[in-house]
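All residue numbers in this chain count up from 1 along the given sequence.
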Amino acid sequence: MKKDTNKYLAIGISLGLCFGAGAGIIVSIIIDKSNFIFGIPLGSGLGMIIGIIVGSILDSNNKNTK
């Protein structure tokens, strides 16, 4: 198998999507009990952005140390 150079970026995006969707559901329940239409996509998007940032930083640090 080839060596994956962006391993943490891929993990960060997928985990950010899952945790962001969960957080969006929870926040949407707390704020507006009848409407999930904006909470889930906004939470997922925010989670993916955070995952991209963290994954990119971790991959960049691993490339610099090698």
Side-chain angles (χ1 to χ4, degrees):
M1 292 183 75
K2 67 175 188 150
K3 182 153 176 70
D4 189 12
T5 58
N6 295 325
K7 176 175 67 172
Y8 293 110
L9 180 61
I11 292 171
I13 291 173
S14 59
L15 286 178
L17 176 67
C18 296
F19 288 126
I25 291 171
I26 292 170
V27 169
S28 182
I29 289 172
I30 292 170
I31 292 175
D32 184 16
K33 295 183 188 321
S34 64
N35 196 357
F36 288 117
I37 206 162
F38 293 116
I40 297 170
L42 289 176
S44 298
L46 185 63
M48 286 176 65
I49 289 172
I50 293 170
I52 289 170
I53 292 169
V54 171
S56 297
I57 291 171
L58 290 175
D59 283 336
S60 174
N61 287 339
N62 283 343
K63 287 178 186 176
N64 290 339
T65 57
K66 290 182 180 179

Is it possible for you to say whether Ile50 and Val27 belong to one hydrophobic cluster, with membership spreading through side-chain heavy-atom contacts below 4.5 Å? no

Same hydrophobic cluster for Tyr8 and Val54, using side-chain heavy-atom links shorter than 4.5 Å among ILVMFWY? yes

Is there a side-chain contact between Leu46 and Leu42 (heavy atoms, below 4.5 Å)? no

Measure the CG-OG distance between Asn61 and Ser56 for me, rounded to the nearest 0.5 Å. 11.0 Å

Between Ile25 and Ile40, the two heavy atoms sitting closest are CG1-CG1, 3.6 Å

Would you mind writing out the side-chain donor-acceptor pairs for residues 10-24 within the sub-3.5 Å range, not counting sequence neighbours?
unit_1	atom_1	unit_2	atom_2	d
Ser14	OG	Ala10	O	3.2
Ser14	OG	Ile11	O	3.0

